[in-house]
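Numbers here are sequence positions counted from 1.
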Amino acid sequence: MENITANAFFNMKEVPATLNANGSITTYRPDDKLELVEAESQGINEQILVLELKFKEGMAPMKGTNKPFSYKTHKVNSKDYKQVTLQYGNAETITVNVTILG
């Protein structure tokens, strides 16, 4: 997996208010599957949400394909997050700041 892009925003206009994280990553096969979930280990900083991008390799012939991913939560403490860290691949990470909307 390569070429990852991500963003995160807290939408206060939605009821209930929602934290969204989304982006895309290039995978090698068009039938690869992605799932973005909350990581089991959240670390020590309560202002950083840690998400894990789970990957299941497909069987189709190799052809670089951009795959979207997204995560949404309405948890009460979502408003406290200042950053989102995505874990993917072999212990690789990307951290983005949370933008406030509304």
Undergrad: Quick one: CG on N20 to OG on S70, what's the gap to the nearest 0.5 Å?
TA: 8.0 Å
Undergrad: Which atom names give the shortest non-hydrogen contact between L36 and Y71, and what distance separates them?
TA: CD2-CB, 3.6 Å
Undergrad: Check step by step if side-chain contact (heavy atoms from CB on, under 4.5 Å) holds for L51 and V84.
TA: CA-CA 7 Å; L51 300 176; V84 173; 3.7 Å; yes
Undergrad: What distance separates D32 CG from F55 CZ, expressed to the nearest 0.5 Å?
TA: 4.0 Å
Undergrad: May I have the step-by-step check of side chain to side chain donor-acceptor pair (under 3.5 Å) for T93 and T85, ending in yes or no?
TA: CA-CA 7 Å; T93 62; T85 295; over 6 Å; no
Undergrad: Picking from V96, I94, T95, what satisfies side chain to side chain contact (heavy atoms under 4.5 Å, CB included) with L86?
TA: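 Of the listed options, the one satisfying the test is I94.
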Undergrad: Quick check against the 3.5 Å criterion: does N22 have a side-chain atom that pairs as donor or acceptor with the backbone of F69?
TA: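 Flag not set: sc N22 to bb F69 has no pair under 3.5 Å.
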Undergrad: How long is the span from the CG atom in N45 to the NZ atom in K82, to the nearest 0.5 Å?
TA: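 Taking CG in N45 and NZ in K82, the distance rounds to 11.0 Å.
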Undergrad: Between the main-chain N or O of T18 and the side-chain N or O of K75, is there a donor-acceptor pair closer than 3.5 Å?
TA: no
Undergrad: With rounding to the nearest 0.5 Å, note down the distance linking NE2 in H74 to CD in E14.
TA: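 H74 NE2 to E14 CD: 7.0 Å, rounded to 0.5 Å.
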Undergrad: For a side-chain contact (heavy atoms from CB on, under 4.5 Å) check, start with the C-alpha distance between R29 and M59, then their side-chain angles and the critical distance, and finish with the verdict.
TA: CA-CA 7 Å; R29 300 177 191 276; M59 300 298 292; 6.0 Å; no
Undergrad: Is V50 linked to L53 within one hydrophobic cluster, defined over Ile, Leu, Val, Met, Phe, Trp and Tyr using a side-chain heavy-atom separation of less than 4.5 Å?
TA: no
Undergrad: Could you tell me the separation between the CG atom of L49 and the CZ atom of F10, rounded to the nearest 0.5 Å?
TA: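 So the CG of L49 and the CZ of F10 are separated by 12.0 Å.
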Undergrad: Side chains of E52 and Y88: do they bring a donor and an acceptor to under 3.5 Å?
TA: no
Undergrad: Quick check on the hydrophobic clustering: are L101 and L19 connected, directly or via other members, by side-chain heavy-atom contacts under 4.5 Å?
TA: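 Shared cluster, no.
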Undergrad: Is the closest side-chain donor-acceptor distance between N66 and T26 under 3.5 Å?
TA: yes
Undergrad: Could you tell me whether the side chains of T27 and T65 share a donor-acceptor contact shorter than 3.5 Å?
TA: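 Side-chain D/A pair, T27 to T65: absent.
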Undergrad: Roughly how far apart are M12 CE and K79 NZ, rounded to 0.5 Å?
TA: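 Rounded to the nearest 0.5 Å, the CE-NZ separation comes to 10.5 Å.
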Undergrad: Could you tell me whether the side chain of F9 reaches within less than 4.5 Å of the side chain of V98, counting heavy atoms only?
TA: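 No, every pair of side-chain atoms sits at 4.5 Å or beyond.
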Undergrad: Give me the atom names and distance for the closest heavy-atom approach of L34 to P68.
TA: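 Scanning both residues completely, I find the closest heavy atoms to be CD1-O, 4.2 Å.
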